[in-house]
Number of protein chains: 2
Amino acid sequence: MEAAAALPNAIPLRNHVMPRPRAVLRDVSRAQPVCSTCQVREKCLSEGLDAATAKRVDELVATRIRLRKGDTLYRAGASFTSLYAIRSGSLKTLLLAEDGRDQVAGYHMSGEVLGLDGIGNNVHECQAIALEDTEVCPMPFDRIEQVARDHPTFQRNVHRYLSREIARQRALMLLLGTMRADQRLAAFLLDLSQRYQARGYSSSEFILRMTREEIGSYLGLKLETVSRLLSRLQQEGLIQVQGRVVKLLERGALKELVGQSA
Amino acid sequence: MEAAAALPNAIPLRNHVMPRPRAVLRDVSRAQPVCSTCQVREKCLSEGLDAATAKRVDELVATRIRLRKGDTLYRAGASFTSLYAIRSGSLKTLLLAEDGRDQVAGYHMSGEVLGLDGIGNNVHECQAIALEDTEVCPMPFDRIEQVARDHPTFQRNVHRYLSREIARQRALMLLLGTMRADQRLAAFLLDLSQRYQARGYSSSEFILRMTREEIGSYLGLKLETVSRLLSRLQQEGLIQVQGRVVKLLERGALKELVGQSA
DNA sequence: CGACTAGTTGAGGCCAGTCAATGTTGGTGG
DNA sequence: CCACCAACATTGACTGGCCTCAACTAGTCG
């Protein structure tokens with residue numbers, strides 16, 4: 001990962017604010033049907049749509065954005081116009097407080113939709129940064145709303161997606177509010193595992209796309225704690241770690257760890 | 001950021017789960033225009049609507065539910081049909097993990113809309129419990145969607161509301177993930193103060209509607225810690241506490257406390 | 001090779017949790 | 001009105017989990 005990605009807990013992050021203008025727009029308007037084959041459609045917004053509706057949703061996407069590792073998709077404060085479907089790769093979203101405190105708010109992988117937090121005030125509330133080379137499809141939100149008005153099923157999907165984001169964050173709150181450090185880490189690994197599996201990858205062995213510091217930021221821990229706990233879990237035989245490669249050896253024990261109240 | 005509610009952090013809460021079947025439905029279909037005078041309309045869903053649309057929104061509400069202190073509005077797992085606009089009083093929402101761990105997810109006062117988390121899976125993800133005698137107006141969600149299809153402004157308001165809920169939770173995550181105990185408590189008090197003010201009450205003196213334990217649960221702290229910190233803040237002259245009555249004496253100092261990074 | 005970033009591990013300190021005793025408040029019934 | 005009780009709250013002593021500071025290693029890049 002790149003300097004960028006790290007979470008200078010004090011003030012910095014200026015390397016993001018000084019943009020590396022690397023993001024590239026590609027015109028795909030005349031390309032073959034994009035969305036029809038895209039995971040995004042399968043997973044959420046286009047679930048259960050009839051052909052006509054699906055076609056209209058397809059038409060929402062006219063361009064594609066390529067991001068390189070460390071590139072920023074949008075910044076906090078940037079005006080909101082579109083949601084972004086992640087076509088490939090992954091990103092993190094970063095919460096910034098006025099005083100420089102920041103925190104990783106989430107890790108997002110292919111098939112997920114980014115930018116929901118911007119709807120409220122037409123301004124993005126957080127910053128989205130690519131963790132690796134990544135492609136996203138912008139979907140203008142006013143046009144999403146248009147389609148939603150004509151197609152109740154799609155409308156319902158949009159609402160569902162928003163609501164699930166709320167539920168996802170609640171789970172994270174519970175984690176931050178009630179779990180010990182080792183439980184948080186175990187929950188994090190299990191969550192990643194499950195999401196990789198849902199995408200057809202191995203659920204027992206995967207690569208962490210983020211640094212220890214970023215993991216810690218997300219979980220409300222310090223990087224040393226994350227490192228120590230990874231070592232400990234390995235020593236206890238629950239996982240195997242080799243740099244960013246993680247293997248879950250005892251999924252049951254991990255779940256039990258997360259589950260034990262207090 | 002939002003306030004909290006009660007949190008038996010271990011297992012209990014059985015007093016809630018054993019329902020006191022006190023909730024009362026009132027038919028208000030023939031009552032005078034309800035919503036037109038209600039804060040809810042002003043604040044969010046009905047903002048900026050023309051008369052015709054406003055009328056349709058009014059018609060969404062046919063009944064009113066009265067809750068007494070401790071009554072449950074809905075439980076986790078209950079099937080979702082409606083959102084609830086809080087007309088008077090206040091509630092807490094409670095997150096429940098399978099293992100009995102729980103946490104106050106939010107504290108909700110008049111003018112706010114409850115139940116958003118149910119949209120995703122048509123099932124409520126948390127439990128809502130009245131902190132005092134409270135009145136709410138159910139708004140059937142399928143009818144909300146209907147109106148949204150016909151009225152873009154209303155549609156936008158619905159989306160905005162959902163998105164703001166996401167932003168609200170993000171702020172809380174930042175709090176749980178990066179703040180010390182005293183900062184959390186100060187942030188909590190300031191948030192309450194600001195919300196009371198928005199409702200026309202005093203922003204410098206108000207009554208906590210929840211116990212120390214509930215505050216702690218919301219903030220990821222133990223009740224003893226909350227109590228100690230309230231005493232300390234009082235000793236330092238920042239606030240004045242007398243049971244559940246709180247007076248903010250040095251708002252600036254409180255803000256500074258919250259703001260100082262690390 | 002040196003410079004730099006990411007990661008690991010150790011020593012020590014502090015913040016918040018735990019356990020426990022005591023005080024306060026509010027509701028109920030004699 | 002007061003006695004009583006249960007729930008809520010305060011305070012102290014102690015503990016421990018996580019943070020801080022720091023040294024060291026491994027890998028990468030120019």
Side-chain angles (χ1 to χ4, degrees), chain A residues 1-10 12-13 15 69-70 101 131 175-186 207-217 219-235 239-246 257 260-262, chain B residues 4-10 12-16 68-70 101 103 131-132 175-186 207-217 219-235 239-246 257 260-262:
Chain A
M1 170 132 334
E2 170 132 353
L7 293 188
N9 249 356
L13 192 66
N15 37 348
K69 182 173 166 179
R101 195 169 31 216
L131 291 172
L175 179 144
L176 290 172
T178 72
M179 286 190 188
R180 284 196 322 268
D182 55 351
Q183 297 178 303
R184 296 184 196 188
L185 187 59
I207 296 178
L208 300 173
R209 297 250 101 101
M210 66 294 287
T211 67
R212 306 290 192 255
E213 185 172 23
E214 289 172 315
I215 295 173
S217 170
L219 299 175
L221 303 172
K222 290 294 149 189
L223 70 105
E224 295 95 330
T225 304
V226 173
S227 180
R228 264 185 256 275
L229 288 174
L230 284 173
S231 300
R232 203 180 84 196
L233 288 177
Q234 174 163 239
Q235 216 168 8
I239 66 173
Q240 196 175 306
V241 204
Q242 178 62 248
R244 301 222 178 157
V245 183
V246 175
L257 176 60
Q260 71 198 5
S261 35
Chain B
L7 287 201
N9 245 358
L13 191 67
R14 292 300 119 181
N15 38 346
H16 294 309
R68 295 179 56 181
K69 182 173 168 178
R101 193 170 31 217
Q103 184 180 10
L131 290 172
E132 58 191 312
L175 178 144
L176 290 172
T178 73
M179 286 188 187
R180 285 196 323 268
D182 55 350
Q183 297 178 304
R184 298 184 196 188
L185 187 59
I207 296 179
L208 299 174
R209 295 251 105 97
M210 66 296 288
T211 66
R212 305 292 192 254
E213 185 173 22
E214 290 172 314
I215 295 172
S217 170
L219 299 175
L221 303 172
K222 292 291 149 188
L223 71 105
E224 294 95 331
T225 303
V226 173
S227 181
R228 262 185 257 277
L229 288 174
L230 283 173
S231 300
R232 204 181 83 197
L233 288 178
Q234 175 163 238
Q235 215 166 9
I239 66 173
Q240 194 175 307
V241 204
Q242 177 61 248
R244 301 219 178 161
V245 182
V246 175
L257 176 60
Q260 71 199 6
S261 37

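Labels below follow one simple rule: chain letters A, B, ... track the order of the sequence lines, proteins then strands, and each chain is numbered from 1.
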To the closest 0.5 Å, what do you measure between CG (B:L229) and CD (B:E224)? 11.5 Å
How far does CG of A:L185 sit from CG of A:L175, to the nearest 0.5 angstrom? 10.0 Å
Flag, side chain of A:Q234 to backbone of A:V241, donor-acceptor distance under 3.5 Å: yes
Looking only at atom types and distance, does a side-chain atom of B:R209 sit under 3.5 Å from a main-chain N or O of B:L131, one as donor and one as acceptor? no
What is the distance, rounded to the nearest whole Å, between atom [atom1] of [X] and atom [atom2] of [N]?
{"X": "B:R209", "N": "D:dC8", "atom1": "CZ", "atom2": "C1'", "answer": "16 Å"}
{"X": "B:I215", "N": "D:dA9", "atom1": "CD1", "atom2": "C1'", "answer": "11 Å"}
{"X": "B:Q234", "N": "D:dT11", "atom1": "CD", "atom2": "C1'", "answer": "14 Å"}
{"X": "B:L131", "N": "D:dC8", "atom1": "CG", "atom2": "C1'", "answer": "15 Å"}
{"X": "A:K222", "N": "C:dA6", "atom1": "NZ", "atom2": "C1'", "answer": "16 Å"}
{"X": "B:L230", "N": "D:dA9", "atom1": "CG", "atom2": "C1'", "answer": "10 Å"}
{"X": "B:Q235", "N": "D:dT11", "atom1": "CD", "atom2": "C1'", "answer": "12 Å"}
{"X": "B:L229", "N": "C:dG17", "atom1": "CG", "atom2": "C1'", "answer": "12 Å"}

Examine the base of C:dT8 for any acceptor or donor lying under 3.5 Å from a partner atom in the side chain of A:R232, and report the outcome as yes or no. no
Answer yes or no: does a side-chain N or O of [X] lie under 4.0 Å from OP1 or OP2 of [N]?
{"X": "B:S231", "N": "D:dT11", "result": "yes"}
{"X": "A:R180", "N": "D:dC18", "result": "no"}
{"X": "B:T225", "N": "C:dG17", "result": "yes"}
{"X": "A:R244", "N": "C:dG7", "result": "yes"}
{"X": "B:R212", "N": "D:dT10", "result": "yes"}

Assuming nearest nucleotide by heavy-atom distance, tell me which of A:E224 and A:D182 is located more 5' along DNA chain D.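 Going by which nucleotide is closer to the 5' end, it is A:D182.
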Check ion pair B:K69-B:E132 (N to O, under 4.0 angstrom):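 Looking at B:K69 and B:E132, the cut-off is not met.
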Let me spell it out: for each of B:G220 and A:L223, pick the nucleotide of DNA chain C with the closest heavy atom. Which residue's pick is nearer the 5' end? A:L223
Which nucleotide, D:dC18, C:dA11, D:dT11, lies nearest any side-chain atom of A:R228? C:dA11
Looking only at the side chain of B:S227 (C-beta and beyond, no hydrogens), which of the listed nucleotides D:dT11, D:dC19, D:dC8 gets closest? D:dT11
